[in-house]
Amino acid sequence: MNKDVSIKVCMGTGGIAAGGVEVMSTFEKALASVGIKAAVQKNCSMHKVGCRGFCARDVLVDVIIDGTKSTYQYIKPDMVERIVQEHVVGGAPIGDWLVTDDYHTFHDKQVKVVLSDCGEVDPEDIDSYLGRGGYEAVKKVLTTMTPQETIDVIKASGLRGRGGAGFPTAVKWDMAIKATGPKKYLICNADEGDPGAFMDRSVVEGNPHAVIEGMIIGAYAIGAPHGYVYIRAEYPLAVERLHLAIKQAKERGYLGKNILGKGLDFMIKVKLGAGAFVCGEETALIASIEGKRGQPKAKPPFPVQKGLWGYPTIINNVETLANVPYIIRKGASWYAAMGTEKSKGTKVFALTGKILNSGLIEVPMGIPLKEVIYDIGGGIENGKKLKAVQTGGPSGGCIPANMVDTTLDYESLSKVGSIMGSGGMVVLDETDCMVNVAKYFLQFTQSESCGKCIPCRVGTKRLLEILTRITEGKGREGDIELLESLAADVKTSSLCGLGQSAPNPVLSTIRYYRDEYEAHIYEKRCPAGVCKDLLSYSILEEFCKGCTACTRVCPAGAIIGEKKKPHKIIQDICIKCGACFETCKFKAIKKG
Amino acid sequence: MLSDKELQDINAELAHAATKASASVDALNIVQRHQGWVSDEAMKDVASMLDMTADELDAVATFYSFIFRRPVGRHVILVCDSISCYVMGYNPLLDNIKNRLGIAFGETTEDKRFTLLPISCLGACDRAPAIMVDEDLYGPVTAETMDGILEKYK
């Protein structure tokens, strides 16, 4: 067999969770068993690739024969044999298993910079990255540019911090180059903790060398010989690949002493978090690297003045750093041509929740939200109606369905009361209760508050108590106003970003869904039918056929009635489990 | 008493640590990897290696939810309660796991097989609801797939 065969198996966390390892080993066996083993070594290569974004369709497999690529979705080990027989040997792809049109729609509106090599390179092989132009940017800055020129390129590109606040990266670096002292540190913040965000994990897993390359360039620009990557212990695969990538980069002379013979010294240490969300805040992160409790400090002094062990320290997010090599390679004007006037380039979003195509996407800044939801995301699951899109995690807010024309850039999102944040985007439909969503986020911030400052420690607790009583049907008149005034106090007086932004989900849901709060408090009703204590089930006599299906599933014996006659639910016995609602074929059970 | 291997691993960590104290979490993780959790005795032993008091080190340890100060089962199940999991079926899944194992969060099964803990986000939001058993990630997890998952861990 003289065909040039290449098989790429998606092995991001998503791919592995869906069985990627088994799929890959089955391919190896199946190819060997059809007697093309000798040819395999020569002509057929198997690659692991990192995340290509569309994890909902895992395991995704590319079969490339003589340059023609076919992509399969939802592949399981028992499907491999047929692919090898019919496609690899027989030359006929299996149409039913190939990705459908929406796989292409998912990708067509995206513009990939940070993710451009994810899903293409083998994250465990530096040569694979080098083969796609990797480390060219390091060579370029070390041989042809001064540190100041490097910063100027980043300045001209308009790159802003992708971790949440959107601070211009070049301004940060400029402050660091001017800071004096015997030592400086560059830290990559990979402590991605926002619920609903997983872009940093995917980038480190899919293309760790881009992050390392970005760090080397940053270290050169600001003159920092020591680097740290602070990464969550919850991401074991990312940690493993990062360690491997650092080792490989060191072996090839991209890290260590006298990098590429150009006199630059830079080494990276990996520091693991231990399950504390607040450590993503930069002063807390520094305390954690120092081996202390990860509690934030008041700023100023900012880390760039007095950071790790008192030395000037720059902290950049994973996605920010991963942009840097591409900007250096392709030029500032190429990058700045994408996006809006104030928000340049692209942004990676984690599209999740009640959306048809959930996954990781990268789009130009300024794209309207509705294109993301309906074109890339394919709309709402199960034909339901969009209710809101939550962006920015626990520091962000909700964008209601009637504002889906909002464009995705720092300024527009803040204007509608939300934030870009790290790029989490949770889609909510008509069956989600907004008071409950706000309660969810306060549960999160209340339990993750480090407890150092009182406004955050006590304030989030009180906000949560009020929200809890509202969802339990014990809301009181004045609760909405109390939430608003307490939220304002917590925002203005908390020590760090966690507390200062914790009330945002409450304020944003009150702003757009005040009527839902009022329904909970004054009418003791949850319009979305979520809050259990406010629910009641009843039988609509005109629809009930008396089939007795509901009486049979009711675990509490709360439904009575004769066969073929309308039934009745005894409210005092009903435990509101919803089993009757799910079972009734005649839509005769009313929830509300 | 720390084992020779633990001493060796902690000393290796200290050899390249910027300050002794900065290796605190790493050292506690080493103990935990070997013993499953950090006992009071181990806490004292590690503290003396780091030139800290046991109380100082415990203050650090109790800040981080992944340093276990009580014994855990052979396998730790982390159930993700992130917003994406929350809207995609976290509550029924959690009820299912709790009923199946007969334990609540923070508890260990009688046969010491599983400990159940919440986690704020596993970063697997597109595979919600997700859980992690030891270092293996699963999602989306349903009542049906739970059986097969637990079977793998003895």
Side-chain angles (χ1 to χ4, degrees), chain A residues 13-14 16-18 54-56 58 192-198 200-202 226 232-237 269 271-277 279 288-295 308-309 350-354 358-360 390 393-394 424 426-429 432 437 440-441 443-444 447-448 450, chain B residues 13 16-29 32 50 52 56-68 78 80-88 90-92 95 117-128 130-132 134-141 145 149:
Chain A
T13 284
I16 290 177
F54 213 172
C55 312
D58 273 325
E192 173 175 72
D194 275 4
F198 55 94
D200 294 347
R201 169 177 68 69
S202 305
H226 307 286
R232 300 179 79 197
E234 292 92 323
Y235 291 174
L237 182 65
K269 279 187 191 167
K271 192 83 181 174
L272 254 60
F277 170 74
C279 288
S288 184
I289 292 182
E290 290 172 351
K292 299 175 187 157
R293 290 168 70 88
Q295 287 179 322
L308 191 57
W309 288 297
L351 191 56
T352 65
K354 309 287 178 64
S358 63
L360 203 63
Q390 207 283 341
V426 185
V427 179
L428 305 169
D429 71 17
D432 290 306
V437 167
Y440 164 79
F441 279 112
Q443 267 167 356
F444 176 81
S447 84
E448 294 296 341
C450 79
Chain B
E13 202 60 57
H16 65 83
T19 64
K20 280 190 174 181
S22 73
S24 58
V25 175
D26 306 297
L28 292 169
N29 265 323
Q32 193 159 295
L50 304 177
M52 295 167 88
E56 283 167 343
L57 186 60
D58 202 15
V60 175
T62 52
F63 186 81
Y64 298 97
S65 23
F66 284 171
I67 303 294
F68 304 140
L78 301 169
C80 180
D81 60 12
S82 133
I83 176 72
S84 315
C85 290
Y86 196 69
V87 300
M88 297 303 282
Y90 160 81
N91 279 314
D95 287 344
L117 294 174
I119 185 163
S120 59
C121 185
L122 285 169
C125 319
D126 53 343
R127 308 195 65 85
I131 66 166
M132 193 178 243
D134 300 336
E135 289 203 339
D136 307 324
L137 182 71
Y138 298 94
V141 181
T145 54
I149 295 170

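Lettering of chains follows the sequences in order, A, B, ..., and the numbering in each one begins at 1.
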Measuring heavy-atom distances to chain B, does [X] have an atom under 4.5 Å in its side chain, in its backbone, in both, or in neither?
X: A/Ala197; result: backbone
X: A/Lys354; result: both
X: A/Glu192; result: neither
X: A/Asp200; result: neither
X: A/Leu428; result: side chain
X: A/Glu448; result: side chain

* For residues A/Arg232 and B/Leu122, report the shortest heavy-atom separation together with the two atoms involved. => NH1-C, 4.5 Å
* Could you tell me which non-hydrogen atom of A/Leu360 sits nearest to which non-hydrogen atom of A/Ser202, and how far apart they are? => CD2-CB, 3.3 Å
Top of [options] for chain B proximity - count of heavy-atom pairs under 4.5 angstrom:
options: A/Gly275, A/Ser358, A/Ala274; value: A/Ala274
options: A/Gly424, A/Pro394, A/Gly353; value: A/Gly353
options: A/Gly273, A/Ser288, A/Gly193, A/Ala233; value: A/Ser288
options: A/Ile16, A/Leu351, A/Leu308, A/Val426; value: A/Val426
options: A/Cys450, A/Gly196, A/Gly359; value: A/Gly196

Examine distances only and state if a side-chain atom of [X] and a backbone atom of [Y] form a donor-acceptor pair shorter than 3.5 Å.
X: B/Tyr64; Y: A/Gly294; value: yes
X: A/Gln390; Y: A/Gly393; value: yes
X: B/Thr145; Y: B/Val141; value: no
X: B/Gln32; Y: B/Phe66; value: yes

Using non-hydrogen atoms only, which part of [X] is less than 4.5 Å away from chain A: side chain, backbone, both, or neither?
X: B/Asp136; answer: neither
X: B/Ile119; answer: side chain
X: B/Val87; answer: both

With chain A as the partner, which of [options] has the greatest number of non-hydrogen pairs under 4.5 Å?
options: B/Ala23, B/Ser84, B/Ser24; result: B/Ser84
options: B/Asp81, B/Leu50, B/Val25, B/Asn29; result: B/Asp81
options: B/Ala61, B/Ala17, B/Ala18, B/Ala128; result: B/Ala18
options: B/Arg127, B/Met52, B/Met88, B/Lys20; result: B/Arg127

* **Contacts of A/Phe444 that satisfy ring-ring contact (aromatic ring centres under 6.0 Å, His included) - sequence neighbours left out** => A/Phe277
Quick check: do [X] and [Y] have side-chain heavy atoms less than 4.5 Å from each other?
X: B/Glu135; Y: A/Leu237; result: no
X: A/Pro195; Y: A/Tyr440; result: yes
X: A/Thr352; Y: A/Phe198; result: yes

* Only counting residues at least two apart or in another chain, list the ones meeting side chain to side chain contact (heavy atoms under 4.5 Å, CB included) with B/Thr19. => A/Trp309, B/Ala21, B/Ser22
